[in-house]
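First listed ligand is number 1; within each ligand, the first listed atom is number 1.
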Amino acid sequence: MLRLQGPLPAGYTDASPDALAERIQAAKDHLGDSLLILGHHYQREEVMVWADARGDSYALARIASESDARHIVFCGVHFMAESADVLTKPEQVVMLPDLNAGCSMADMADLESVEEAWDEITRVTDIDRVVPITYMNSSAALKAFVGEKGGAVCTSTNARAVLDWALARGDKVLFFPDQHLGRNTGHAMGFTDADMRVWNPKLELGGLEEADVKDATFLLWKGHCSVHQRFRPQHIEEARRDHPGVMVVVHPECAREVVEMADQVGSTDFIIKAVKAAPEGSTIAVGTEIHLVQRLAAEAEAEGKTVFSLDPLICPCSTMFRIDAAHLCWVLEELVAGRVVNQISVPEDTAHWARVALERMLAIT
Ligand code: 13P
Ligand code: SF4
């Protein structure tokens, strides 16, 4: 979903990297403890160096919920900033340096189509036994939907714990928007493809027969991440052929056939820990967004390890990439001038139920 972000004044677009760095430092010094800059692992280096805390989407949500900072500048994407707003106190302000930093996967499920799906499922099965689970990569409106319907949010860090929780409460899960995270987690729990059906929101009854909807334990929304779907089994075969002994670590947004072949699977935080834990001399192929892979490669080199991207063609997350030093500098200098720009504010009626769903997740994990 394209949001509105006007061009920055020339004083930002024309500034050199060094000048921007000096100005960001000055603004940070001025704002002191009233400011918290959060950086997701996919952020570019010119932004990440300014983050007071970095993490995966789960860690950042938790850090935001525990922070007392008056202003939180979220260097990540829209759904992350929304979650931070929902989890913080009313007097705290969350800002996203570029409003166009969305997530194409999150945009694959909207409230209207999820409500339609829910109504259709209600017609063929006992809806009280269906638990809706939304991936963190979704709008606050969808988080509110699951909160109100007795479900919860999950991230790639805690999908298994949240799905265990859901299936202790019901017989069936409607999981959106990422079919891959749902499928990979279901398999890790011991389920098979026979227990899962893909729900295509563009088709009546998700393109399924009534019997499918009744039988399935997992109804997986037909959504995906355009960055992670690029990784293919052939990349793993090539990595193993060219680098005997290579360890392959991928994110669970990758397709099932890739995850099945990988040595380790987990969130961005998990990937970082897996690389850190590998012994000196290891070679590690990583299947996730390129800025994280490049950062890991630089850090690993100093520790005598080799890290490379599983896909030799660069695969950045184009929306994460929208946040740059110029936008960060602009948001901070506006704050210094007493002006809040790019505030992410979830209306309280939505925030209430979204908070319920997020807090359930935090309590489960
Ligand atoms: P993490 O929760 O692992 O940081 O993943 C977020 C994301 O958007 C991955 O594409
Ligand atoms: Fe969304 Fe994929 Fe980018 Fe993650 S990497 S923020 S899922 S588009």
Which is it for [X] and ligand 1 at heavy atoms under 4.0 Å: side chain, backbone, both or neither?
X	result
Asn137	side chain
His40	side chain
His228	side chain

Do any heavy atoms of [X] fall under 4.0 Å from ligand 1?
X	value
Thr155	no
Phe270	no
Cys225	no

**Prompt:** Is the Phe321-His291 ring centre distance short of 6.0 angstrom?
**Reply:**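 They qualify: ring centres under 6.0 Å apart.
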
**Request:** Verify the ring-centre separation between Phe176 and Trp199: is it less than 6.0 angstrom?
**Result:**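 No, the ring centres sit 6.0 Å or more apart.
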
**Complete:** So the atoms of ligand 2 within less than 4.0 Å of a heavy atom of Cys317 turn out to be 3 (Fe), 5 (S), 6 (S), 8 (S)

**Prompt:** Is the NZ or CZ atom of Arg197 both under 6.0 Å from the centre of the six-membered ring of Phe218 and within 45° of that ring's axis?
**Reply:**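 Not flagged: Arg197 not positioned over aromatic ring of Phe218.
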
**Message:** I'd like to know whether ligand 2 has Ser104 as a neighbour, heavy-atom separation below 4.0 Å.
**Reply:**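 Within the 4.0 Å threshold, so yes.
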
**Asked** Would Glu289 count as a contact of ligand 2 if the rule is a heavy atom under 4.0 Å away?
**Response**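 No, that is not the case, since the closest heavy atom of the residue is not under 4.0 Å from the ligand.
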
**Asked** Quick one: which of Asp311, Val248, Val286 gives a side chain to side chain contact (heavy atoms under 4.5 Å, CB included) with Phe231?
**Response**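 With Phe231 as partner, side chain to side chain contact (heavy atoms under 4.5 Å, CB included) holds for just one option, Asp311.
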
**Item:** Residues, nucleotides or ligands: over 12 heavy atoms within 6.0 Å of Lys89 NZ
**Value:**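 Atom NZ in Lys89 is crowded, with more than 12 foreign heavy atoms closer than 6.0 Å.
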
**Request:** Between Met136, His251, Met105, flag the one that comes closest to atom 3 (O) of ligand 1 by a heavy atom.
**Result:** His251

